[in-house]
Student: 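Supplied in structure tokens, the structure appears directly below.
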Amino acid sequence: MKQITFHIVDVFAEEKYQGNQLAVFENTGILSEEKMLQIAREINFQETTFIISDEKKNGGFDVRIFTPEYEVPFAGHPTLGTAYILAKKTLQDKITLNLKVGQVPVIREADSLWLKISNPFFGKQFDTSIASILGLEQSVLDQNMPIQLVSTGLPYLIIAVRNLEAIKQVKFQEETVKNWLIKHQLFKTNATDGLTTAFFLYTRETESTDNQLHARMFCYENDKVVEDAATGSANACLLAYLLQYESDKINYRVEQGYEMNRPSLIRIRGEINAQNDFNLEVGGKVKVVAEGKWFV
């Protein structure tokens, strides 16, 4: 029976059992796409990653990312967690992952890892009537900031909320959310696309005075709305959004996952120049929880 090495890590975590869980499998070139999906379903984390080989291709390592339902072209915490494992193994401070969206470089700085994100896409804006599908009153949404679709590989609807009390009260009705996504052409009925737009809400009130923003991410998957403890790709979109509408240079600490008892810390930094070019970086710590052998 063949065996492959796997690791369990917590990403965007200051301590173990915080942040977002990730399983990383090494040397998975022997696995079919179907088998990778089966393993991801067995693990049942938000994402599981598969390093195809120890050998570099075009200067980077081929990596595939799967949710329990489908493959995704990019996601933040799987990228950081996988790069952490590769950095430990290769003793390198710069790791490039070859993902479906292209090459994504990750840099290790002291005890944190930082990933660089490509230029964002800014899509459609919506009005405050969206509050009804969030279970909120329109008055608790920040009227000074647009409600807008932003993508750096995966699409998120960025929504500014006035205070911590309001963001904690968010409550979705699954059928209402699905109908709203379909109505606005933000939902793909083919699950293998994996591109249903998610909701990323933030407020400037925080649990910790060390942090600048408090955030929550929700997505509609498998006929239900689920929350994510720490979302690198969403925070990359938030960074682009804040650079576009707030300041041309940002260095923030974002807390997420508190409502799930998985407190997470995501660092975002970046700038935008006069030519409207974005420099986006998302960083955080990774903690190893377990490793072992998987039988295939």
Student: Assert yes or no for the condition that the ring centre distance of H7 to Y84 is strictly below 6.0 Å.
Tutor: no
Student: Residues two or more places apart in sequence or in another chain: which of them pass side chain to side chain contact (heavy atoms under 4.5 Å, CB included) with N179?
Tutor: E175
Student: Please round to the nearest 0.5 Å and tell me the distance separating atom OG of S53 and atom CD of E55.
Tutor: 5.0 Å
Student: Say you draw a straight line from CD of Q169 to CG of N163; how long is it, rounded to the nearest 0.5 Å?
Tutor: 8.0 Å
Student: For N211 and R253, test the side chains for any donor-to-acceptor distance below 3.5 angstrom and give the result as yes or no.
Tutor: yes
Student: May I ask you to check whether N20 and D228 show a side-chain donor-acceptor distance below 3.5 Å?
Tutor: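 Yes, a side-chain donor-acceptor pair sits under 3.5 Å.
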Student: Can a donor-acceptor pair be found between the side chains of S151 and Y156 at a distance below 3.5 Å?
Tutor: no
Student: Enumerate, atom names and distances included, each donor-acceptor pair closer than 3.5 Å involving a side-chain atom of residues 272-280, sequence neighbours excluded.
Tutor:
unit_1: N273; atom_1: OD1; unit_2: Q275; atom_2: N; d: 2.9
unit_1: N273; atom_1: OD1; unit_2: N276; atom_2: N; d: 3.1
unit_1: N273; atom_1: OD1; unit_2: D277; atom_2: N; d: 2.9

Student: Restricting to non-hydrogen atoms, name the atom on P68 and the atom on N44 that form the minimum distance, rounded to 0.1 Å.
Tutor: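 Looks like CG-OD1, 3.7 Å.
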Student: Measure across V161 and T203 and return the closest heavy-atom pair with its distance rounded to 0.1 Å.
Tutor: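 So the two residues come closest at O-OG1, 3.0 Å.
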Student: Which pair of non-hydrogen atoms, one from L154 and one from P73, has the smallest distance, and what is that distance?
Tutor: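 Closest approach of L154 to P73, heavy atoms only: CD2-CD, 4.0 Å.
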Student: Other residues, nucleotides and ligands only: do more than 12 of their heavy atoms fall within 6.0 Å of CD on E42?
Tutor: no
Student: If I take atom NE2 from residue H214 and atom CZ from residue R216, how far apart are they, to the nearest 0.5 angstrom?
Tutor: 6.5 Å
Student: Could you report the tightest heavy-atom contact between M36 and F50, atom names first, then the distance?
Tutor: O-CZ, 3.3 Å
Student: Closer than 4.0 angstrom, basic N to acidic O: yes or no for K56 and D62?
Tutor: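 D62 and K56: not salt-bridged.
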Student: Answer yes if the side chains of Q18 and D10 hold a donor-acceptor pair under 3.5 Å, and no otherwise.
Tutor: no
Student: Do you know which two heavy atoms are closest between S139 and R162, and how far apart they sit?
Tutor: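 Between these two residues, the closest heavy atoms are O-NE, 3.0 Å.
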Student: So, for L157 and L149, which heavy atoms are closest and what is the spacing to 0.1 Å?
Tutor: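 Shortest heavy-atom contact: CD1-N, 3.5 Å.
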Student: Does any part of the side chain of Q148, heavy atoms only, come nearer than 4.5 Å to the side chain of F122, both counted from C-beta?
Tutor: yes
Student: For the CG atom of N235 and the CD1 atom of I158, what is their distance to the nearest 0.5 Å?
Tutor: 8.5 Å
Student: Would you check if I39 and L31 make a side-chain contact, meaning some heavy-atom pair closer than 4.5 Å?
Tutor: yes
Student: In this structure, which one of M145, Q256, M217 forms a side chain to side chain contact (heavy atoms under 4.5 Å, CB included) with Y202?
Tutor: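 It is M145, the one option of M145, Q256, M217 that forms the side chain to side chain contact (heavy atoms under 4.5 Å, CB included) with Y202.
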Student: Under a 4.0 Å threshold between the charged nitrogen and the carboxylate oxygen, would R41 count as salt-bridged to E47?
Tutor: no
Student: Do R269 and E281 sit within salt-bridge range, that is, some charged N less than 4.0 Å from a carboxylate O?
Tutor: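 Salt bridge flag = yes for E281 with R269.
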Student: Would you please indicate yes or no on a ring centroid separation below 6.0 angstrom for Y70 and F66?
Tutor: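 No, the ring centres sit 6.0 Å or more apart.
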Student: Working to the nearest 0.5 angstrom, can you tell me the gap between I43 CD1 and T49 OG1?
Tutor: 10.5 Å
Student: So, E33 and R64, do they make that salt bridge, N to O below 4.0 Å?
Tutor: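 A salt bridge links E33 with R64.
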Student: Check whether more than 12 heavy atoms from other residues, nucleotides or ligands sit under 6.0 Å from atom CD of E207, and answer yes or no.
Tutor: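 Yes, because the 6.0 Å sphere around CD of E207 holds more than 12 heavy atoms from other groups.
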Student: Say whether Y241 and E246, considering side chains only, have a donor N or O and an acceptor N or O under 3.5 Å apart.
Tutor: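 Judged by distance alone, the side chains do not pair up.
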Student: Which residue is it: F295, F45, F25? I am looking for the one with a ring pair (Phe, Tyr, Trp, His ring centres under 6.0 Å) to F6.
Tutor: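 So the option named by the test is F25.
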Student: Under a 3.5 Å cutoff, is there a donor and acceptor pairing between the side chains of Q103 and N98?
Tutor: yes
Student: Under 6.0 Å between the ring centres of F199 and F218?
Tutor: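 Aromatic pair excluded; centres sit 6.0 Å or further apart.
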Student: So for atom NZ, which belongs to K224, do other residues, nucleotides or ligands contribute more than 12 heavy atoms lying within a distance under 6.0 Å?
Tutor: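 Count not over threshold, so no.
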Student: CG/L213 to CG/L201 distance, rounded to the nearest 0.5 angstrom?
Tutor: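 The CG atom of L201 is 12.5 Å from CG of L213, to the nearest 0.5 Å.
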Student: Tell me whether the centres of the aromatic rings in W180 and F126 are closer together than 6.0 Å.
Tutor: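 Aromatic pair counts; centres sit under 6.0 Å.
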Student: Where the side chain of R262 meets the backbone of G19, is there a donor-acceptor pair that is under 3.5 Å apart?
Tutor: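 Checking the backbone N and O of G19 against the side chain of R262, a donor-acceptor pair under 3.5 Å is found.
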